[in-house]
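Heads up: the structure comes next, in structure tokens.
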Amino acid sequence: MPNTHYEKIEKAIRYINENSKTQPSLEEIAGAVSLSPFHFQRLFRQWAGISPKRFLQFLTINHAKKLLKDSSVIDVSFEIGLSSQSRLHDHFVTLEAVTPGQFKNEGRDMKIDYGISHSPFGSVFIGATERGICQLSFISKDNRRDSLKSLRDAWPNATISENCSRMDTLRKQIFNTHAESNEKFHLFVQGSNFQVKVWESLVRISAGKAFSYQQVANSIALPSGSRAVANAIAKNPIGYLIPCHRVIRSTGVIGGYRWGSERKQAILAWEAANVQNV
DNA sequence: ATTGCCTGCGTGG
DNA sequence: CCACGCAGGCAAT
């Protein structure tokens, strides 16, 4: 899956958003990403496993509203304490967290590997300690350096070294959708108590579902805190595995995303396509 | 579907 | 403490 595939997808989504009023045809969209309708079809089948037409349906406001309606309530009845488990696609995610204060005492001589690899949603920067994955960010050509910088800023005492092959292996496991993988991932994050609480509730949202910021606020018993929740979500250091892309506006608008709203839409539609294949 | 006004909250100084 | 800004919500159109 070359990176150019995702770039085309993203471009198509942007074009659709910008021309939503005129309801562009498939031919028109294909033209906007400089592909023949035939190649456009093939690209989508390869990338998402579904036709562009189906894919477009997953991008509509109606579909998003339906997701919100079907999702009901996040089950937050996990054990109190800083760990939680969730099924995500065909693998499990556990979350371990420290507050910045705790980290100050424990965080000496920690080792972090990092590397850049290629996902269905563009290049990813992944960082991992012995205790778990501590960063996953999507990168574009103009922010290549930022991910490494934020890793260094977050873990100033750590020994950080490049290990592309480890991250490439990890990347394959993370974005693998085949049922036999059944991988387990351990995440190791640093955040305020509030942030961690919010991130934990995100991990409990399974693929193919979506919640509004309001619903997440309800789930942590802070019904008036939707904006604070949005703030906390925006600080999520581990994209995709902490599925902040599954939180959208209550109106069905996909809303903002740290790594670009189009990418959020792409991931959601891709998940929708994969879930229904199960 | 789009605007504009409103909110309460955590965060950082 | 207090001021700030927010990846939001909601009502009106």
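So you know, we letter chains A, B, ... as the sequences are listed, proteins then strands, and number each from 1.
Of all nucleotides listed (dT7(B), dC10(C), dT11(B)), dC10(C) comes nearest to the side chain of Ser250(A). Closest approach to the Ala228(A) side chain among dA7(C), dC9(B), dG9(C) is made by dC9(B) (side chain taken as heavy atoms from C-beta onward). For Asn231(A), the listed nucleotide lying nearest its side chain is dC6(C); candidates were dC6(C), dG9(C), dT11(B). Distance from the side chain of Ile61(A) is smallest for dA1(B) among the nucleotides dG8(C), dG10(B), dA1(B). The listed nucleotides are dG9(C), dA7(C), dC9(B); the one nearest the side chain of Gln214(A) is dG9(C).
Look at CG on Asp153(A): it is 16 Å from C1' on dG12(B), rounded to the nearest Å. Look at CZ on Arg258(A): it is 14 Å from P on dC6(C), rounded to the nearest Å. Ile220(A) places its CD1 atom 17 Å from the P atom of dG8(B), with the value rounded to the nearest Å. Computed from coordinates, the Arg227(A) CZ to dT11(B) C1' distance equals 14 Å when rounded to whole Å. In this structure, Asn236(A) atom CG and dT11(B) atom P are separated by 14 Å, rounded to whole Å. Distance CD1 (Ile233(A)) to P (dG10(B)): 14 Å, rounded to an integer number of Å. Tyr213(A) places its OH atom 5 Å from the P atom of dG8(C), with the value rounded to the nearest Å. Distance CD1 (Ile254(A)) to C1' (dA1(B)): 15 Å, rounded to an integer number of Å.
Judged purely by atom type and a 3.5 angstrom limit, Gln135(A) uses its side chain to pair as donor or acceptor with the backbone of Ser147(A). Here the side chain of Gln265(A) pairs no donor or acceptor atom with the backbone of Ile254(A) at under 3.5 angstrom.
Residue contacts for Ile248(A): at a heavy-atom cut-off of 4.0 Å it reaches no nucleic acid atom on any strand shown. Across all strands shown, Ala234(A) has heavy atoms under 4.0 Å from base atoms, whether or not it also approaches the sugar-phosphate.
The shortest distance between the side-chain N/O atoms of Arg249(A) and the OP1/OP2 oxygens of dG8(C) is below 4.0 Å. Contact annotation: Ser192(A) reaches the phosphate of dT11(B) (side-chain N/O to OP1 or OP2, under 4.0 Å).
Aromatic ring orientation, Phe188(A) versus Trp155(A): parallel (interplanar angle below 30°, classes split at 30° and 60°).
With DNA chain B read from its 5' end, the first of the two nearest nucleotides for Lys21(A) and Phe194(A) is the one closest to Lys21(A).
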Quiz item: Would Thr60(A) and His63(A) count as a side chain to side chain donor-acceptor pair (under 3.5 Å) if you check the C-alpha gap in whole Å, the side-chain angles of each, and the deciding distance to 0.1 Å?
Solution: CA-CA 5 Å; Thr60(A) 62; His63(A) 179 256; 5.7 Å; no

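Checking dT11(B) for Watson-Crick or G-U wobble geometry (two distances, each under 3.5 Å) identifies dA3(C) as its partner.
Ion pairing between a basic and an acidic side chain is recognised when a charged N comes within 4.0 Å of a carboxylate O; Arg204(A) and Glu200(A) show no such pairing.
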